[in-house]
Amino acid sequence: MRTVSAKLKHIGTSLSSSSRPYSLTPLASSHGKPRNPPSPTLLNEFVNFCYQRDLAKAMNAMAAMERHGIYADSITYSELIKCCLARNAVEQGKLVHKHVFSNGYQPKTFLINILISMYVKFKLLDEAQALFGQMPERNVVSWTTMISAYANAKLSDKALEFFVLMLREGVLPNMFTFSSVLRACNGLFNVRQLHCGMIKLGLESDVFVRSALIDVYSKLDELKDAICVFNEMETKDLVVWNSIIGGLAQNNDGDEALDQFKKMKRAGFTADQATLTSVLRACTGLALLEVGRQVHVHVLKFDVDLILNNALLDMYCKSGSLEDAKSVFERMVHKDVISWSTMIAGLAQNGFSQDALKLFDLMKASGIKPNYITILGVLFACSHAGLVDDGSYYFRSMKRLYGIDPGREHYGCIIDLLGRAGKVDEAVRLVQEMECEPDAVTWRTLLGASRVHHNVDLAIYAAKQVLKLDPEDAGTYVLLSNIYANSQRWEDVSEIRRQMREKGITKEPGCSWIEVNKQIHAFIVGDTAHPKINEINRRLNQLIHKLMGIGYVPDTNFVLQDLEGEQRDDSLWYHSEKLAIVFGLMSLSSGSVIRIRKNLRICGDCHTFTKLVAKMECRVIVIRDPIRYHHFQNGVCSCGDYW
DNA sequence: CTAGGGTTAG
């Protein structure tokens, strides 16, 4: 008990209820007199004003009552506080607080709880905590109010600390407490302990607790546990469905998210804003433009919902459909940093750098303050268009103009920009001067830069740094081995291969996806599984020979350009995107855009191939790789052959 | 009187 007291004192709490913790100045003249029971007439008038949410009249009525020596009781005070909350009247709220404690009146615990929750709703956590500390007795509600307030304010340690103190004081948590404290969990250990605790207390079947559990498990990357909690439920509500769909979508398991969404509809639930946002996110991850378009129809019901519109905007950007993205953006009544950042990054990634920078100016003109991610989009636009001066300017001034410290990602953009512009030395210098330690991604960026400019020594150095930090990175091994092979360093080649064998590293096969009739078709290098594979191969060969007739030369020597890491043999002819393109030509009507998503970067040969196909077949082809988008039209690509 | 789910990059 002593430790608890000490601890509570530390947080501004006195446990001794024998001392008089209240030292507020009495407001009424009848200080010290016992309170009269409320008079029915005056009191009725007062309560009526409260119900009408007429705060000024209610306060006057209360003063009039006090002049008659009549005081409000807990119930009426609580009505007055509701009135203050409805009017967002902070000062009057504080005044009511003083009245409650005037004349030596000892308010009931529940009234103090209401006052605390009022301060929490006004976001005055210090006031709430002070009042909490002065309470003679704290019940579950008092504790839960504080824990929930800290959890919402992202003060996780504080929330967990109060949870422990609550237990030590012998107050048992209820389902409200668990659903609040779970939101503050930052480690798996804590969650498991809490999970055990709620099972012990028989509270784990509550839907609120369950949805919080699902959410926290999936945020900690423990999807298995989240799914387990979800499947064990006999009755589910909409929020529980949203928790699992959101968890899956956020963990890049779009397929499973869409599957659960179907099940949810089959179970008779109607999607709300949160459901649709997660479903859109799942579509975004899978580049499911047509499914996303269908969802758009339902989004129209909630057309003022900012978050939902941001998700819709992103879906169109990431599916490479900039026309749709622009029209959503223009129609949005309210736009926040995320809306602008999404659109800027979307334009940049799709190769429309100038538009992205223009939009950035518009954003600033409209008074929205850019954040960390906005600047990333801006730098990405510069690096994409080779705008060295602009990029360097934005990079150097971001701290001064917007108060944002450049992070690893910002350095990455600039290293990329300098590298592409051939300023490899400057890029190296930047890596050396970074305040934050360069990580594998940084070195991989430098590797990319040195590769584009055939700087073999630097490429080898950067690749070795990558492998030091990320020893399982198959792509880098393959690349390094190819670089050695190109320099006839066969001993090094076999050493790399030995290391890969030893560590059991296999590279991810190249895979491309295309959506036809809202169905996803997946193609893997040298695929044989697709039902139409024979026809696809036949047509691909015809196409390649037709293209060779107009000057296409398959490029099998792409050692320093092999961003793809796929095999360097005949399978080049059958890189997954080539299969997907042919399938697209076969299955989509001649006017429609062929959109392909792939898991690896596109190689030089496929890039040339696609440009020629787009021209010969009069098609627009959009390929989204893990970093960039390529819009092929009339024999050119939006990336300017620079990726 | 206290509680759960959704958006930008990597």
Side-chain angles (χ1 to χ4, degrees), chain A residues 74-75 77-78 81-82 85 108-118 120-121 138-149 151-152 173-183 203 206-216 218-219 237-247 249-250 252 271-282 284 302 305-315 317-318 332 335-346 348-349 370-380 407-410 412-413 439-442 444-445 626-627:
Chain A
S74 294
I75 307 283
Y77 272 131
S78 71
I81 293 167
K82 274 187 208 159
L85 280 170
K108 294 203 171 81
T109 302
F110 93 86
L111 181 57
I112 307 179
N113 286 343
I114 293 172
L115 279 169
I116 294 176
S117 99
M118 175 191 79
V120 169
K121 282 172 189 153
R138 285 167 280 264
N139 62 16
V140 216
V141 178
S142 331
W143 286 102
T144 304
T145 307
M146 291 311 295
I147 291 169
S148 158
N152 283 333
N174 61 17
M175 48 263 230
F176 290 76
T177 324
F178 277 116
S179 47
S180 301
V181 74
L182 275 172
R183 285 162 39 88
L203 297 170
D206 181 72
V207 278
F208 281 75
V209 169
R210 290 261 180 171
S211 52
L213 261 178
I214 292 169
D215 192 52
V216 71
S218 54
K219 292 219 161 89
D237 70 357
L238 182 60
V239 177
V240 173
W241 281 103
N242 287 347
S243 303
I244 196 72
I245 294 170
Q250 285 157 37
N252 294 319
D272 71 355
Q273 292 98 310
T275 327
L276 295 177
T277 306
S278 295
V279 169
L280 280 172
R281 180 166 172 157
T284 306
F302 309 105
D305 191 300
L306 180 59
I307 298 178
L308 182 50
N309 273 293
N310 285 343
L312 182 67
L313 181 63
D314 193 40
M315 186 277 293
C317 285
K318 295 270 168 35
M332 283 173 69
K335 300 183 184 82
D336 65 356
V337 220
I338 297 184
S339 328
W340 289 94
S341 305
T342 304
M343 194 69 229
I344 290 170
Q349 282 167 320
N371 67 13
Y372 190 96
I373 296 168
T374 321
I375 306 295
L376 267 183
V378 171
L379 293 179
F380 195 86
R408 275 205 195 91
E409 292 98 334
H410 297 105
C413 281
D439 65 355
V441 179
T442 315
R444 223 171 282 143
T445 309
I627 313 262

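Predicted model only: the values in this text are computed from it and were never measured. Excluded from the calculations below are hydrogen atoms, water molecules and symmetry mates; all remaining heavy atoms, backbone and side chain alike, are included.
Contact annotation: the side chain of A/Asp439 approaches that of A/Thr442 to within less than 4.5 Å [non-hydrogen atoms, C-beta and beyond].
Taking atom OH on A/Tyr372 and atom P on B/dT8, their separation rounds to 16 Å, with Å as the unit. The distance between atom CG of A/Asp439 and atom C1' of B/dG10, rounded to the nearest whole Å, is 9 Å. In this entry the distance linking CG of A/Leu213 with P of B/dA3 reads 18 Å, nearest Å. The distance from atom CG of A/Leu312 to atom C1' of B/dT7 is 11 Å, rounded to the nearest whole Å. In this structure, the CD1 atom of A/Ile375 is 15 Å from the P atom of B/dG10, given to the nearest Å. When the P atom of B/dT8 is taken as reference, atom CZ of A/Phe380 falls 16 Å away, rounded to whole Å. Summarising the geometry, the separation between CD1 on A/Ile81 and P on B/dC1 is reported as 11 Å, rounded to the nearest angstrom. Per the geometry, CD1 belonging to A/Ile344 stands 15 Å off C1' belonging to B/dT7, to the nearest Å.
Across B/dA3, B/dA9, B/dG4, the shortest atom-to-atom separation from the side chain of A/Val207 is found for B/dG4. With B/dA3, B/dG4, B/dT2 as the candidates, the nucleotide lying closest to the side chain of A/Met175 is B/dA3. Of the candidate nucleotides B/dT7, B/dA3, B/dC1, B/dC1 has the atom lying nearest to any side-chain atom of A/Ile114. Of the candidates B/dG4, B/dA9, B/dG6, B/dG6 carries the atom nearest the A/Ala274 side chain, counting heavy atoms from C-beta on. Side-chain atoms of A/Leu376 lie closest to B/dA9 of the nucleotides B/dA9, B/dA3, B/dG6. Among the nucleotides B/dT7, B/dG10, B/dT2, the one closest to any side-chain atom of A/Gln349 is B/dG10. Side-chain atoms of A/Glu409 lie closest to B/dA9 of the nucleotides B/dA9, B/dA3, B/dC1. In the set B/dA3, B/dG6, B/dT8, the nucleotide with an atom closest to the side chain of A/Asn371 is B/dT8. Taking every side-chain heavy atom of A/Ser341 into account, B/dT8 is the closest of B/dT7, B/dG10, B/dT8. Nearest nucleotide to the side chain of A/Asp305, out of B/dT2, B/dA3, B/dG6: B/dG6.
A donor-acceptor pair is defined here as one N or O able to donate and one able to accept, closer than 3.5 Å; such a pair exists between the side chain of A/Asn309 and the backbone of A/Asp305.
A/Val209 comes within 4.0 angstrom of no nucleic acid atom, judged by non-hydrogen atoms across all strands. Nucleic acid contact class of A/Asn309 (heavy atoms, under 4.0 Å, all strands): none. Using a 4.0 Å heavy-atom criterion, one finds that A/Arg408 contacts no nucleic acid atom at all. In this structure, A/Lys108 reaches neither bases nor backbone, as no heavy-atom distance under 4.0 Å exists between it and the strands shown. Using a 4.0 Å heavy-atom criterion, one finds that A/Leu115 contacts no nucleic acid atom at all.
Distances shown here put a side-chain N or O of A/Lys318 below 4.0 Å from the OP1 or OP2 atom of B/dA9. Regarding contacts with the backbone of B/dG6, a side-chain N or O of A/Lys219 is found under 4.0 angstrom from either OP1 or OP2. The phosphate of B/dT7 has OP1 or OP2 within less than 4.0 Å of a side-chain N or O from A/Arg281. Residue A/Lys335 places no side-chain N or O under 4.0 Å from the OP1 or OP2 atom of B/dT7. When the side-chain nitrogen and oxygen atoms of A/Gln250 are compared with OP1 and OP2 of B/dT7, one or more of them lie within a distance under 4.0 Å. Neither OP1 nor OP2 of B/dT2 sits under 4.0 Å from any side-chain N or O of A/Ser148.
A/Leu308 and A/Gln273 get closest at one heavy-atom pair: CD1-O, 3.9 Å. Contact record, A/Phe380 with A/Ala348: CD2-CB, 3.9 Å, taken as the closest heavy-atom pair.
Taking CD1 of A/Ile338 as the start and CG of A/Asp314 as the end, the distance is 10.0 Å to the nearest 0.5 Å. Here the straight-line distance linking atom OG of A/Ser78 with atom CD1 of A/Ile114 works out to 4.5 Å at 0.5 Å rounding. Here the CG atom belonging to A/Leu313 is positioned 10.5 Å from the CG atom belonging to A/Leu280, to the nearest 0.5 angstrom.
Stacking between A/Phe110 and B/dC1 is absent: the aromatic ring centre is not both under 5.5 angstrom from the base six-membered ring centre and within 30 degrees in plane angle.
With hydrogens and angles left out, the side chain of A/Ser180 and the base of B/dA3 share no donor-acceptor pair within 3.5 Å. In this model, a side-chain donor or acceptor of A/Ser211 finds a partner on the base of B/dG4 within 3.5 Å. Judged by atom type and distance alone, A/Asp206 does not reach the base of B/dG4 through any side-chain donor-acceptor pair under 3.5 Å.
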